Number of protein chains: 2
Amino acid sequence: MSVGIRHDDLRRRNRAMVISAVRRAGQPSRTEIAATTGLSHSTISAISSDLIQEGILTESKPNEAVSLKRGRPQVGLALNPEATAVMTVVLSLNFLSVAVIDYAGQVIAEEQRRLDTAIMPRDELIGECVAIVRRRFEDPDLDVRGVARIAMGIQGITDTHARAMLWSPITPQTDIAFADILEAEFGVPATMENDCNMMAVALQWRDPERYRDDFIAILLSHGIGMGLVLKGELFTGTHSSGGEFGHMIHRPGGALCRCGRRGCVEAYAGNYAIWRNAKQMGEDAEPVDVSDADMRSLAARARAGDGPERQAYRKAGEALGFGLGSLFALIDPAPVAMVGVSAAAFDLIEPALREAIAQTAGGQHSKSISFDTEPNELPLIREGCAMRALTFVDQEIFAPGVQVKGGATGKNVA
Amino acid sequence: MSVGIRHDDLRRRNRAMVISAVRRAGQPSRTEIAATTGLSHSTISAISSDLIQEGILTESKPNEAVSLKRGRPQVGLALNPEATAVMTVVLSLNFLSVAVIDYAGQVIAEEQRRLDTAIMPRDELIGECVAIVRRRFEDPDLDVRGVARIAMGIQGITDTHARAMLWSPITPQTDIAFADILEAEFGVPATMENDCNMMAVALQWRDPERYRDDFIAILLSHGIGMGLVLKGELFTGTHSSGGEFGHMIHRPGGALCRCGRRGCVEAYAGNYAIWRNAKQMGEDAEPVDVSDADMRSLAARARAGDGPERQAYRKAGEALGFGLGSLFALIDPAPVAMVGVSAAAFDLIEPALREAIAQTAGGQHSKSISFDTEPNELPLIREGCAMRALTFVDQEIFAPGVQVKGGATGKNVA
DNA sequence: ATATTTTTTTCGAGGCTCGAAAAAAAGCCT
DNA sequence: AGGCTTTTTTTCGAGCCTCGAAAAAAATAT
């Protein structure tokens, strides 16, 4: 299990450090990299000249503002956008999108497509995903020989090893090994990621100040999902993507959840739950899809006056609050990002949520718990997939024998 | 934050690998160590001869059974018991115990003491702990110059960095930095650990087959505690020891918990909760201490016939089941060890517990969830503290400049 | 034009791991 | 009994890697 460190691992790991420092910092100089990694100037110099020769990094004039100082000016190091590219595939309810992203993280091509995921047979669903990726590969305007990784994100439960979708609310199909399928089809390493986990990854890159070591991303949409980062690492279950916050039990034997069980947090706070409560249909009413537009007008009515609509949001807040309280008992309070269409109605949810948290173990620190909202989840999911694919590539570049487009194999070519 | 690997870290880490391989395997030969660590024979040979010269390891004839083979017989490597020693201090309700453990893990001295933790003023509580440790240090029969670490375990919440007790049910005092106090008093590095976490650590060492990468240790005693190991690592909260399973919310606004809040799992499954339900005192009755003997006779009455006693255990099972269900939603199902006096009554708890889990996200795999019981928590806690202290020492031995009793400083002495 | 400052590269030293070969220590076989 | 085989352990030289110091490079300040 635990394995010793070989001599050549040293270089590999330190190369990884340098690349990740560049990806994180933008255009750091060699001196800055030496400072953040703790390695000596000589080592950084050697590694970065290798990486430049291999076409992974490029030198670029640093920000002009610095050149006011005297002394030899710093030379910024940047990721070479042409080093390679990655592809993201995001599958959500009735919607499929794909994007090609260069090594520096810029989107260079994309396609989006509506489809009826809920009623599509298995083969057709897989076929659509494969086809949309194939169209990218066959695009004559696009040089995609260099696609080094595909990261697919899906609403639903995936396995720990990021190979397969195990279960998803958007389709009756289960256990589709999308990662294996894409790998077999295109000969490119692929992973299958959970949407909320990717949201968390994206937040970490978007706002590393606020979302660094410990935070929670909660998707408030048709269902309730969560991506959790603890001690800087994405948290996953032991077998699945885990973090099924929406299916923690709020009230034993309570409202009917989309998952078929009773009393889940989602059965009070999912869009369908808010909807059926607002319409006073009872807690056993069959979950129905509610459009984003309908949810927005529901929120508007709830803001207009204190009727059953507002009460429905209150119930959602209560469920989320007690759920978070239980979660905080386990991991201690942490900043929360609320994402998705109902995050836009967080003003209606927050009072009851805070009141509920105050009655739980999280209550001691209820003031220090911060909430941030982001109504649109899809861009986050795609960004997360992109960063995930890119950091995988960053790591793979050190594995000896991996050919980088236009680059050498890792040995000195000089 | 992330730091590059220096050249000398290499040796340190590989020394760590070797020591940990020896601690885990008992008396492995150099060849076996090479196999498990993946390092070359030459490296293992060099490192182990260093460690032997420094007095950390000793050679010992291997198990005789192997000598049937032909070829040069393997020489077993073992931890040198005299290399150093560690001390454990366990503070629980009305009970304080200390033990000195040699480097190989054998107890070489101990003392136990009853005291009224619940009513002791702060200074006296600290004083008792310091005094019992001092008596070990002053014992003329004991050569404790070599005590390299103190690990203290306490029932209650500790901070992430294992420095202080933040809150404990056994005393009204809060925020006692026991680790700092012991370090200042005796000049020996110390840590302050949570009791349930130490239970988990001990289980990992006791039965590495069953409890390796992912498992849950739950303390069923006056309160409900949890130690959680995920992916081989002890799980802690972001600020505290975390894993306060007992204070996840079972029923919002429900029964009165010892923590002052309502509806916690513990308010249904803690000894005091089982007791007041059995006595039909109502869910708001003030929590009272119940002796282990009383709990055992309560369990006996519950087994004798289906009255309020049995119903109380049923309620406890239900709360634990729904709590575990919520936990399993987050981390996926894993083996559970039930520890503490009420673990001896697990036969009364299990049916309702399983029924509850079946109604939760954990239900899909309810058959694969295994329960194991261990009525006595104190030996486990002490064992966990000992192993924790010893593995700390294992790691510290590589820090340059650390003097090991009778050993060299890490340079070749030859 | 020279001095100063800061960044980057170069170069030799020291350490570490590795593979191959040698040495050591047993049982096996005639 | 003595040589042979087998297995474990040690020894030795080669190849990398990082480091510190010094040199080189590239700008501004005087």
Side-chain angles (χ1 to χ4, degrees), chain A residues 3-18 27-53 57 59-77 398 400 409-412 414, chain B residues 3-18 27-53 57 59-77 398 400 409-412 414:
Chain A
V3 144
I5 304 181
R6 309 260 211 62
H7 203 217
D8 34 328
D9 293 339
L10 237 175
R11 228 323 142 75
R12 269 218 287 283
R13 296 203 193 194
N14 286 340
R15 281 167 62 105
M17 300 290 336
V18 171
Q27 298 206 341
S29 70
R30 290 166 175 79
T31 309
E32 286 176 60
I33 297 174
T36 59
T37 60
L39 297 170
S40 74
H41 287 182
S42 9
T43 303
I44 300 300
S45 184
I47 290 177
S48 49
S49 94
D50 278 4
L51 291 172
I52 289 170
Q53 253 181 28
L57 298 184
E59 290 193 339
S60 74
K61 291 293 109 190
N63 33 10
E64 323 298 314
V66 183
S67 66
L68 300 172
K69 289 191 315 183
R70 85 177 178 176
R72 179 174 176 171
Q74 302 187 338
V75 179
L77 292 178
F398 322 111
T409 53
K411 298 286 165 197
N412 260 339
Chain B
V3 145
I5 304 182
R6 310 259 213 62
H7 203 218
D8 34 329
D9 293 338
L10 238 173
R11 230 320 145 77
R12 269 218 285 284
R13 296 204 193 194
N14 286 341
R15 282 165 62 104
M17 300 291 335
V18 171
Q27 299 206 341
S29 70
R30 291 165 175 82
T31 308
E32 284 176 61
I33 298 174
T36 59
T37 61
L39 297 170
S40 74
H41 286 181
S42 4
T43 304
I44 300 301
S45 184
I47 291 177
S48 50
S49 94
D50 278 5
L51 291 173
I52 289 171
Q53 253 180 29
L57 298 184
E59 290 193 339
S60 74
K61 291 292 112 190
N63 34 10
E64 322 300 314
V66 182
S67 66
L68 299 172
K69 289 192 315 183
R70 85 178 177 176
R72 178 174 175 172
Q74 301 187 340
V75 180
L77 293 178
F398 322 109
T409 54
K411 299 285 166 196
N412 260 339

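Residue numbers begin at 1 in each chain, while the letters A, B, ... track the order of the sequences. Remember, predicted model here, so these are calculated numbers, not experimental data.
- The interatomic distance linking A/I47 (CD1) with D/dC19 (P) rounds to 9 Å, in whole Å.
- B/I5 has its CD1 atom 13 Å from the P atom of D/dC17, to the nearest Å.
- Residue A/D8 contributes atom CG, which lies 16 Å from atom P of C/dC16 at whole-angstrom precision.
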For nucleotides 2-5 of chain D, print each protein N/O atom paired with a nucleotide N/O atom at under 3.5 Å, atom names and distance only.
from: D/dT5; atom 1: O3'; to: B/R70; atom 2: NH2; distance (Å): 3.4

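- Put simply, the side chain of A/I47 reaches to within 4.5 Å of the side chain of A/R11, judged on heavy atoms.
- Between B/D50 atom CG and C/dG15 atom P the separation is 13 Å, expressed in whole Å.
- With rounding to whole Å, B/R13 atom CZ is found 14 Å from D/dT18 atom C1'.
- Shown here are the side chain to side chain donor-acceptor pair (under 3.5 Å) partners of B/T31, two or more places apart in sequence or in another chain: there are none.
- Within the structure, every side-chain polar atom (N or O) of A/N14 is placed at least 4.0 Å from both OP1 and OP2 of D/dC17.
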Going 5' to 3' through nucleotides 8-14 of chain C and flagging B where a protein heavy-atom sits under 4.0 Å of the base, S where only the sugar-phosphate is that close, and - otherwise, we get BBB---B

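- At whole-Å resolution of the value, CG in A/D9 and C1' in C/dG15 are 17 Å apart.
- Here B/A16 pairs with B/F398 under the side chain to side chain contact (heavy atoms under 4.5 Å, CB included) rule; sequence neighbours left out.
- Legend: residues meeting side chain to side chain donor-acceptor pair (under 3.5 Å) with A/S45, ordered by chain and number and at least two apart, are absent.
- Using a 4.5 Å heavy-atom threshold, the side chains of A/V18 and A/I44 count as touching.
- For residues 30-43 of chain B, every residue pair satisfying the salt bridge (charged side-chain N to carboxylate O under 4.0 Å, His left out) rule, not counting sequence neighbours, is listed here: B/R30-B/E59.
- In this structure the side chain of B/I5 reaches within 4.5 angstrom of the side chain of A/N14, judged on heavy atoms.
- One can place CZ of A/R15 at 10 Å from P of D/dC17, the figure rounded to the nearest angstrom.
- Taking 4.5 Å as the limit, some side-chain heavy atom of B/I52 sits within range of a side-chain heavy atom of B/L77.
- Not one side-chain nitrogen or oxygen of A/R11 sits closer than 4.0 Å to the OP1 or OP2 atom of D/dC16.
- When the side chain to side chain contact (heavy atoms under 4.5 Å, CB included) test is applied to B/R6, the partners found at least two apart in sequence or on another chain are B/D8, B/D9.
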